[in-house]
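To keep things clear, I will list the structure first and then write my remarks on it.
For clarity, every value in this text was computed on a predicted model and none was experimentally measured. Whatever order the structure lists ligands and atoms in, that order sets their numbers, starting from 1.
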Amino acid sequence: ASVTPETPFTPSTVVKKNNLPGGFVYLDEVIPSAQYEIRYYSENNFTGTRVDGYKAPLAIFSKTAAAALKKVSEDLEQKGYILRVYDAYRPQQAVNHFVRWSQDAGDLKMKAQYYPKLDKRNLFKLGFIAKKSGHSRGSTIDLTLAQKSTGKLVDMGSPYDFFGEISYYNTNLISSTQHANRKLLKDAMVKQGFKPYAKEWWHFTLIKEPYPKQYFNFKVE
Ligand SMILES: C[C@@H](N)C(=O)N[C@H](C)C(=O)O
Ligand SMILES: [Zn+2]
């Protein structure tokens, strides 16, 4: 199975607006060892364009969730892995962009890569994208693992944001090694209080999230 050979951004070189609401942090300042490849800032995502609300390739997270994730990172580093973060806090305007994109039936630019067997209009009801996303509450994250020694991605059996059954955590479409790699990530996340998502091996939400009812809309900048 393929892994995406993408180059992560280096958040320490990005100019930050430093105007986050209290209770939020830039994740690279808490976990500098992680790789940050913020897909919705780039054109390499299922929409094929930069997503509304992403003004910089940064991961923003609630302070509570960032502290828990730091422990995940420390645990996995001892085992030879670092985290690669694809998305953390996601503004509601980004989610609204996803909804508009799904309704534009003529735009199939990224179909082959991200949702080859599915009709984009069904991605919400199939559970691959949410109209009210945990990401907008600030304590949900999309991430994978990379080898600490080489920086190379660990093989999880399907690429990030590939919408199909092969991305279900419990799919039988992947090898035992790929299952073991998913389990490594999942167990480390669960140990620190994150809940996995059965339909996407990369998506986790802090169970004791500090803003369980608030959907934020400040920009990633
Ligand atoms: C779009 C994907 N990365 C994701 O996060 N999906 C979940 C269901 C969400 O939108 O909250
Ligand atoms: Zn997610």
Side-chain angles (χ1 to χ4, degrees), residues 3-4 6 27 34 36-54 57-62 65-66 68-69 72 83-104 107 109-111 113-145 153 156-171 182 185-186 189-190 193-207 209 211-217 220:
V3 288
T4 33
E6 288 291 323
L27 200 46
Y36 295 88
E37 190 198 337
I38 307 304
R39 288 286 186 91
Y40 303 141
Y41 176 77
S42 79
E43 292 184 353
N44 181 13
N45 64 65
F46 59 87
T47 71
T49 56
R50 180 173 297 166
V51 177
D52 288 1
Y54 287 80
L58 294 167
I60 294 169
F61 218 20
S62 75
L69 193 70
V72 174
L83 306 180
R84 181 178 291 205
V85 174
Y86 291 118
D87 191 36
Y89 159 70
R90 181 185 304 163
Q92 183 62 44
Q93 61 198 284
V95 174
N96 298 345
H97 184 167
F98 293 163
V99 174
R100 282 197 312 279
W101 165 83
S102 74
Q103 292 162 348
D104 180 2
D107 172 7
K109 191 171 156 196
M110 303 307 270
K111 183 173 172 67
Q113 192 177 333
Y114 283 96
Y115 53 101
K117 293 189 183 157
L118 299 176
D119 184 324
K120 68 193 284 196
R121 288 171 299 191
N122 294 332
L123 293 173
F124 291 88
K125 68 172 178 231
L126 290 171
F128 291 113
I129 317 174
K131 289 185 181 173
K132 293 292 264 184
S133 172
H135 286 276
S136 306
R137 303 194 302 263
S139 300
T140 291
I141 192 154
D142 292 343
L143 80 175
T144 190
L145 297 176
L153 286 179
M156 295 293 187
S158 68
Y160 170 59
D161 266 359
F162 183 87
F163 301 138
E165 244 184 83
I166 198 169
S167 293
Y168 290 4
Y169 179 78
N170 268 329
T171 182
R182 289 185 185 188
L185 173 64
K186 189 198 75 173
M189 293 295 283
V190 167
F194 287 90
K195 192 170 82 168
Y197 181 47
K199 291 189 167 178
E200 295 174 344
W201 57 259
W202 55 80
H203 177 106
F204 297 87
T205 299
L206 187 72
I207 294 170
E209 55 184 314
Y211 308 108
K213 299 207 165 101
Q214 260 173 288
Y215 290 81
F216 294 90
N217 196 25
V220 174

- Task: With Lys132 as the cation and Tyr215 as the aromatic partner, state whether NZ or CZ is under 6.0 Å from the six-membered ring centre and within 45° of the axis.
- Result: yes

Give the ring-plane orientation class for [X] versus [Y], where under 30° counts as parallel, over 60° as perpendicular and anything between as tilted.
{"X": "Trp101", "Y": "Tyr115", "answer": "perpendicular"}
{"X": "Tyr40", "Y": "Tyr160", "answer": "tilted"}
{"X": "Trp202", "Y": "Phe163", "answer": "tilted"}

- The residue among Thr140, Asp161, Asp142 that forms side-chain contact (heavy atoms from CB on, under 4.5 Å) with Asp87 is Asp142

Using a strict 4.0 Å cut-off to heavy atoms of [X], name the atoms of ligand 1 that fall inside it.
{"X": "Gly127", "answer": "8 (C)"}
{"X": "Asp161", "answer": "1 (C), 2 (C), 3 (N)"}
{"X": "Tyr160", "answer": "3 (N)"}
{"X": "Tyr40", "answer": "1 (C), 2 (C), 3 (N)"}
{"X": "Phe128", "answer": "1 (C), 2 (C), 4 (C), 6 (N), 7 (C), 8 (C)"}
{"X": "His135", "answer": "5 (O), 11 (O)"}
{"X": "Asp142", "answer": "3 (N), 5 (O)"}

Among all protein heavy atoms in this structure, tell me which lies nearest to [atom], with the distance rounded to 0.1 Å.
{"atom": "atom 5 (O) of ligand 1", "result": "Arg90 NH2, 2.9 Å"}
{"atom": "atom 9 (C) of ligand 1", "result": "Ser133 OG, 3.5 Å"}
{"atom": "atom 4 (C) of ligand 1", "result": "Glu200 OE1, 3.4 Å"}

- Task: Mind listing the closest non-hydrogen atom pair of Arg84 and Glu37 along with its distance?
- Result: NH1-OE1, 2.7 Å

- Atom name, His203 (N, O or S, nearest to the Zn ion (ligand 2)): ND1

- Message: Looking only at the side chains, is there a donor atom on one of Thr47 and Asn45 sitting less than 3.5 Å from an acceptor on the other?
- Response: yes

- Message: Ala130 versus ligand 1: do any nitrogen or oxygen atoms come within less than 3.5 Å of each other?
- Response: yes

- Message: Taking N, O or S atoms only and a limit of 2.8 Å, check whether Asp142 reaches the Zn ion (ligand 2).
- Response: yes

- Item | Pairwise side-chain contact, Pro196 with Val190, heavy-atom cut-off 4.5 Å (strictly under) | yes

- Message: Within the 4.5 Å heavy-atom criterion, are Leu69 and Phe204 side-chain neighbours or not?
- Response: no

